[in-house]
Amino acid sequence: MNHPPVSRALFDQIMVPNYAPAAIIPVRGEGSRLWDQDGREYIDFASGIAVTGLGHAHPKLVAALAEQAQKLWHVSNVLTNEPALKLARRLCELTFAERVFFANSGAEANEAALKLARKYSADHFGPDQREIIAFTPSFHGRTLFTVTVGGQPKYTEGFEPLPPGITHVPFNDLAAFAEAISDQTCAVIVEPVLGESGVISATPTFLQGVRELCDRHKALLIFDEVQCGNGRSGHLYAYMGYGVTPDILTTAKGLGGGFPISAMLTTTAIAASLNVGSHGTTYGGNPLGCAVANAALELFSAPELLADVRRKHAVFMAGLRRINERFGVFRELRGMGLLLGCELAETWRGRSREFIKAALDECLLVLVAGPDVIRLAPALIIPDELIEEGLSRFERAIARLCAQPTP
Ligand SMILES: *Cc1c(COP(=O)(O)O)cnc(C)c1O
């Protein structure tokens with residue numbers, strides 16, 4: 001059959017309408033730049049939602065993928081494989097972890113973490129310690145369990161009945177958390193830096209306090225570093241910057257640099273509760289994903305790269321402050337490493353999506369984190385020239401928005 005070329009219009013005809021993608025279709029990427037079907041070039045401050053932390057088509061990741069593709073794609077977990085074992089060993093060397101479970105997405109890593117916490121509690125403390133505490137706002141994925149733990153009504157409405165035993169407490173509110181935690185609490189899950197929910201960092205006192213109260217009540221502490229992990233915060237994992245160690249850590253997004261892979265890290269004692277047959281996934285620990293993640297981890301764990309992420313944070317903040325001095329569209333500029341949030345000023349509240357559109361018109365990709373925050377998550381290796389060029393495009397986009405008559 002002879003088909004016409006595919007276009008954005010086709011999306012609306014044949015895809016389930018749960019997404020509303022932008023008008024362009026990128027066809028190629030290199031480093032921090034993308035090209036669309038018409039050959040227009042874009043600077044990427046989005047990284048596919050904090051995923052392509054090493055840019056597009058990094059030669060070392062391409063080589064790792066191509067090399068593994070010639071050898072072995074998939075064997076299932078009936079067998080183990082070399083790339084998975086190498087990746088797990090390296091993750092244990094670099095972090096608090098002694099045991100690793102691989103899956104394919106952030107939600108699945110969190111699902112595994114939450115199930116492990118329940119199982120561990122059942123094994124050690126009996127049937128009364130089942131409650132999971134999470135914070136609002138937060139985001140932990142879209143499976144029914146993780147979306148319920150995330151606690152945002154707009155993501156759970158219509159999907160009821162929801163799994164029970166989940167309590168929500170305001171983020172960064174240690175007093176409210178101290179009220180909520182009890183000997184019925186089996187686990188607490190927290191994003192050290194809120195990603196989807198506005199790019200807000202946990203305060204060190206909050207994370208330390210949560211750690212202490214979890215210890216006192218024998219509740220497991222889970223850090224969801226799906227977004228803030230893998231070098232994005234300027235530390236390999238954000239917990240290292242805080243000096244607060246979780247019992248279980250989940251990560252995904254940047255881990256495979258664009259190849260779908262996620263991991264749950266924990267200790268030997270806790271891992272023991274996921275005994276043979278208790279949990280699993282067909283693709284988790286797939287040789288292709290693990291080979292790419294091995295190459296990615298080697299790059300984004302390098303101390304020089306992490307130091308450069310912290311330096312680039314300052315470059316971005318200075319540029320954003322300059323833009324804001326001219327236009328006053330932001331009430332706060334914040335974030336950690338190369339996960340940056342620009343909270344809109346009062347007059348612009350609720351209009352973050354207009355900034356995505358305006359930036360796209362200037363050939364720049366940015367993200368939002370809710371209706372009031374513009375989120376930037378460029379590649380960790382973005383060159384300084386592209387930071388400056390991207391910020392100039394951002395400034396032009398904002399100038400254009402400000403020149404429009406207010407609706
Ligand atoms: C993106 C994200 C998830 C979900 O990851 P998926 O790969 O989309 O399932 C979970 N937690 C956090 C903090 C995230 O940013």
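Whatever order the structure lists them in is the order used to number ligands and atoms, beginning at 1. In what follows, residues are counted from 1 in the order of the sequence shown.
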Out of Leu274, Val100, Leu249, Thr251, which one pairs with Met264 under the side-chain contact (heavy atoms from CB on, under 4.5 Å) rule?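 Testing Met264 for a side-chain contact (heavy atoms from CB on, under 4.5 Å) against Leu274, Val100, Leu249, Thr251 leaves exactly one candidate, Leu274.
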Residues 378-387, side-chain donor-acceptor partners within the protein, below 3.5 Å, at least two apart:
residue	atom	partner	partner atom	Å
Asp384	OD1	Arg311	NH2	3.1
Asp384	OD2	Arg311	NH1	2.9

Can you sort out the partners of Asp44 under salt bridge (charged side-chain N to carboxylate O under 4.0 Å, His left out), two or more places apart, ordered by chain and number?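 Residues passing salt bridge (charged side-chain N to carboxylate O under 4.0 Å, His left out) with Asp44: none at all.
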Aromatic ring pairing His279/Phe101, orientation class (parallel under 30°, perpendicular over 60°, tilted between):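 Tilted: the ring planes of His279 and Phe101 meet at 30° to 60°.
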Do the rings of Tyr237 and Tyr239 sit parallel, tilted or perpendicular, given the 30° and 60° boundaries?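 Because their plane-to-plane angle is under 30°, the rings of Tyr237 and Tyr239 count as parallel.
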Please output the residues near ligand 1 using a strict heavy-atom distance under 4.0 Å, listed in chain and residue-number order.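 The 4.0 Å shell around ligand 1 contains Ser105, Gly106, Ala107, Asn110, Phe139, His140, Gly141, Glu191, Asp224, Val226, Gln227, Lys253.
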Side chains of residues 170-183: which donor-acceptor partners sit under 3.5 Å, not counting sequence neighbours?
residue	atom	partner	partner atom	Å
Asn172	OD1	Thr203	N	2.9
Asn172	ND2	Ser201	O	3.2
Asp173	OD1	Ala175	N	3.4
Asp173	OD1	Ala176	N	3.0
Ser182	OG	Gln184	N	3.0
Asp183	OD1	His217	ND1	2.9

